[in-house]
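These notes are about the structure you will find just below.
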Amino acid sequence: MPRFELSSQYDPHAVERPLYERWLDAGAFTPRADGKPYVIVMPPPNVTAVLHMGQGLDMVTQDVLIRFERMRGRAALWLPGTDHAGIATQNVVERLIAKEGKTRFDLGREQFVERVWAFVRETGTTILEQLKIIGASCDWSRRRFTLDPEYSRAVREVFVRLWEDKLIYRGHRVIHWCPRCLTSLSDEEAESEEIDGKLYYIRYPVKEGRKPYITVATTRPETLLGDTAVAVNPNDERYRAFVGKVARLPIVDIPIPILADQAVVPEFGTGAVKVTPAHDATDFEIGLRHKLEMPLVMTEDGRMEHPTRVPKALADLDRFDAREKIVDILKERGLLEKVEPYRHVVRRCYRCDSVVEPRLSDQWFVKMKPLAEPALEAYRSGEIRLVPERWGATYQHWMENIRDWNISRQLWWGHRIPVFTCVKCDHEWAAREDPAACPKCGGPVQQDPDVLDTWFSSWLWPFATLGWPQETPDLQRFYPGHTLVTGPDILFFWVARMIMAGYRFLKDEPFETVYMHGIVRDTQHRKMSKSLGNGIDPLDVVRLYGADALRWTAIAGVSLGSDLILDPKDLETTFAPGRNFANKLWNIGRFILSQLPEPVQPVESFEWSELPLADRWILMRANEAVGAVTASMEQFRLDEAAKRCYEFVWGDLADWYVEAVKPRLASRGSDAAAAQAVLAQCFDAALRLLHPVVPFITEELWQKLPGRAANELLAVAPWPAFQPDCVDAELDLQFLRVKQVVEGIRSIRAQYNVPPKTRLRARITARGRDQRKVFEAERETIQRLAQLEDLSFDGGAKRVGAYAVFGDGSEVFVALEGAIDVQHECRRLSGELTRLEQQLERLAAKLTNQQFVARAPAEVVAGEREKERAWRDQRQALADKLKSLGCS
RNA sequence: GGGCGAAUAGCUCAGCGGUUCAGAGCGCCUGCCUUACACGCAGGAAGUCGGGGGUUCGAAUCCCUCUUCGCCCACCA
């Protein structure tokens, strides 16, 4: 009698939350006290973030890995947390207060920062709570935030150490400036985008020249107001006469020198270039070389402003409005030679998408070369591995050409830069503790107003989260970590820098493998984003299909490192497969559980050789699945692991084994006991193998298996062990023949439209004696699966019916008196014969090809010979059938 | 301008040198509510593996080239 009443459909919502609670209560996600550690640090989401599909993929991937290793007995630590995300978070709160009609300047620094904290306290755990919904098995007791006091100490320590090592310096140069966020950005934070723009050719009047003007080409005419020279290449004959002359800067109407500089490419534009040292990085270099003035002609928010260079008509205009107006003025004055369409790159702020303005300013930089060297070496020596490997080239290229890192941001939200200046004696230094007075002269001190780049704190994540610079037990135990899982989009921002920080400050790699999955995109291969409205809310998916369905699609839907393509307009197609599979699993469980006694005898208590073929076969298949799934997991081929489980559960266990043993189970006799034992064992193994991918439903079912202790959890149960000596290809082949017989009969049934309820009579003629024994032993299985009322072997009287012939020449006859259409049967069989003959012909050609026989490996040749023999038998059998039917 | 990736069934993708290798899921067609499951069962149809060339006894699978998409990097304004 059934021990459980389970509904016929799996209801994820009824089980997910309680199970998660149970895992938490049991401390299942805390690393076990003993055992070799396995550590994944979670890429910390922005503290204001809500879960999107990209993170969903990232997190589920990590969860699969951590659950797998946890089951394998490792002291598995998945360390969660959030990032304060300087610009992003400040923007969010600025928008909030904008609704009250205020700016951060109205509030003042202190109040604004307090406001951000209030917001973070209120909403900062949202995304972490969402992770629980999708089943993330992180150790919440070790949750970190990049602005935690301990973490901040690490950030400050790192800054001071780099300062002491002379790797931090103040740079006066042209950096990327976001006029909307009002801060400088690193090179990485200014994303390039190709646009269809224009190239403006502008005439700069020249008094003493042979020609009345020199023409320059530019994509940003508005910067003309900041020009302090015109430059040409020193080797450019065309302009030799101009060098040393003075041009008249249009609109501003001031003299500027025409000079020669190597940086100018003669082939581009006119070969003459306007030089705007304060608003262009190359021009800045030219300016330095020629000691040019470097006037800023724009405000921080991108409006034109300069006491002498910006005329009233242009003052205060936004840079793009100013561009149009300046072009108009130039046109009016005949100074605009031409305008060409021109495809070029602009840089955009990665947080707000504004076009970034190159701007001369003072910023703090980190010298990166010394940091990059060990990180590069670690990759080259294989100490750190990138998966997929192809990212190695990108990583190397970036490291080899690394540029100094601008780490100061003109924001209020973040780690304040610990550089202090004495108001009295100008002494400047970095300090671990806030100083009360200047250590040199005792004068009052001022702290640098800027904060650090967010990534300057997150690059310490693998060890700052473990208590560094304190020598904590966690740090000793869990550093270095093992696997980092992330998307390739933050390879430079984060991954590369973590590696550098690890070697610099811990003298050891932060992790051994970086696994980079792909990006989540829609069916048009566009990245999912809020602005495109093509996103999928993972929580919607959980609501509609359950967390396991979401996880299934995220894992089974992508191969190693490839993008995940999802259709936001068709969630059903996208996520139903996972739900359906969960439901299938549920119902297999429902059936098996209804059949199992308490307790179930262990499989080991049965003599292997006495188990029926089907039992030995499914046990072997289970074992094979264990081997394959384990191997796939180890290689990050998570999709293969998931699909292998699917095949075993659905294709082998449900479609064949469960159906095959139903009669035995129904008999309730001694035959049933073995079947029960085998079912229990196989199902248990399947649940274990599937648990990392679909933790909820597997735990729920596993709990119901007989013999479960009250406090046992699948989440911390051992991973099944693969037994290489149980692999048996012969066994598989034998059962394959059984399957083929069944399928042959089913196919005949369908072709002759025999109603499912009609029981047929069939006769098998086996090719070899062994095979006959197999068929006889599995007679009941075949009868049931093929819906037969009678199955006989060999010899019976010739009757009218249909035949199917198999690879080894065995054949099955299905009696179809009255129903048989001889013509049709002839066509069917001769079709098969033709196909077989063609195959044989090809094979024969291959085998008579001396080149093949001589050069191909002997075992391949032998295999082909064997194949030929079997096919000949099959052909013979088919030909006989045709003859006996009287086909012409 | 460099570098990388992708192109296989209507859709999303596996397969990446040799077992009937041309596959899976979804979709489609034909039967079935066969007492675990219609989120299911059984049986089918469906692709000259982007084009061309080459290497090899043998090529979706390796090499070259072209085409089309996508991504990353680069101070020719």
For A/Arg749, enumerate each residue passing the salt bridge (charged side-chain N to carboxylate O under 4.0 Å, His left out) test, keeping only those at least two apart in sequence or located in another chain. none
Taking any heavy-atom pair under 4.0 Å as a contact, classify A/Tyr646: base, sugar-phosphate, or nothing. sugar-phosphate
Which residue pairs pass the salt bridge (charged side-chain N to carboxylate O under 4.0 Å, His left out) test with at least one member in residues 386-397 of chain A, sequence neighbours excluded? none
Pick base, sugar-phosphate or nothing for A/Glu659, based on heavy-atom distances below 4.0 Å to the nucleic acid. base
Closest non-hydrogen contact found for A/Val355 with A/Val346 is CG1-CB, 4.4 Å
Dot-bracket for RNA chain B, 5' to 3', Watson-Crick and G-U pairs with both distances under 3.5 Å, [ ] for crossing pairs, | for partner on another strand, reads ((((((((.[[[[.)..(....]]]].(((((.......))))).....[[[[[..)....]]]]])))))))....
From the list B/C71, B/U12, B/G43, which nucleotide is the closest neighbour of the side chain of A/Arg521? B/C71
I'd like to check the salt bridge (charged side-chain N to carboxylate O under 4.0 Å, His left out) partners of A/Glu357; sequence neighbours left out, ordered by chain and number. A/Arg220, A/Arg319
Testing B/G43, B/C13, B/A36 for proximity to the side chain of A/Arg746, the answer is B/G43
Does the A/Asp227 side chain pair with the main chain of A/Ala229, one donor and one acceptor, at a distance under 3.5 Å? no
Can you tell me the distance, in whole Å, between the CG atom of A/Asp652 and the P atom of B/A24? 14 Å
Does the pair A/Glu866/A/Arg869 count as a salt bridge with the N-to-O cut at 4.0 Å? yes
Should the pair A/Lys569-A/Asp567 be classified as a salt bridge under the 4.0 Å nitrogen-to-oxygen rule? no
Any chance you could measure A/Ile588, atom CD1, to A/Leu679, atom CG, to the nearest 0.5 Å? 10.5 Å
Please list each protein N or O that sits under 3.5 Å from an N or O in nucleotides 14-18 of chain B, with the distance.
unit_1: B/A14; atom_1: OP1; unit_2: A/Ser559; atom_2: OG; d: 2.4
unit_1: B/A14; atom_1: O5'; unit_2: A/Ser559; atom_2: OG; d: 3.4
unit_1: B/G15; atom_1: OP1; unit_2: A/Arg637; atom_2: NH2; d: 2.9

Partner set under side chain to side chain contact (heavy atoms under 4.5 Å, CB included) for A/Ala680, not counting sequence neighbours: A/Leu596, A/Val600
Contacts under 3.5 Å, N or O only, protein and nucleotides 73-77 of chain B:
unit_1: B/A74; atom_1: OP1; unit_2: A/Arg403; atom_2: NH2; d: 3.0
unit_1: B/C75; atom_1: OP1; unit_2: A/Arg403; atom_2: NH1; d: 3.2
unit_1: B/C75; atom_1: O2; unit_2: A/Thr282; atom_2: OG1; d: 3.3
unit_1: B/A77; atom_1: OP2; unit_2: A/Tyr342; atom_2: OH; d: 2.4
unit_1: B/A77; atom_1: O3'; unit_2: A/Thr219; atom_2: OG1; d: 3.3
unit_1: B/A77; atom_1: N6; unit_2: A/Val265; atom_2: O; d: 2.9
unit_1: B/A77; atom_1: N1; unit_2: A/Val265; atom_2: N; d: 3.2

Could you go through nucleotides 32-35 of chain B and list every protein N or O atom that sits under 3.5 Å from one of its N or O atoms, giving the distance for each pair?
none

Salt bridge (charged side-chain N to carboxylate O under 4.0 Å, His left out) with A/Arg865: which residues, sequence neighbours excluded? none
State which residues pass side chain to side chain contact (heavy atoms under 4.5 Å, CB included) with A/Arg289; sequence neighbours excluded, sorted by chain then number. A/Asp261, A/Ala263, A/Glu285, A/Ile286
Per the under-4.0 Å heavy-atom filter, residues of residues 574-588 of chain A near RNA chain B come out as A/Pro577, A/Arg579, A/Asn580, A/Asn583, A/Lys584, A/Asn587, A/Ile588
Can you name the salt bridge (charged side-chain N to carboxylate O under 4.0 Å, His left out) partners of A/Glu640, sequence neighbours left out? A/Arg637
Does A/Lys643 pair with A/Glu647 as a salt bridge, N-O distance under 4.0 Å? no
Nucleotide of B/G5, B/A36, B/A42 approaching A/Val658 most closely (side-chain heavy atoms): B/A36
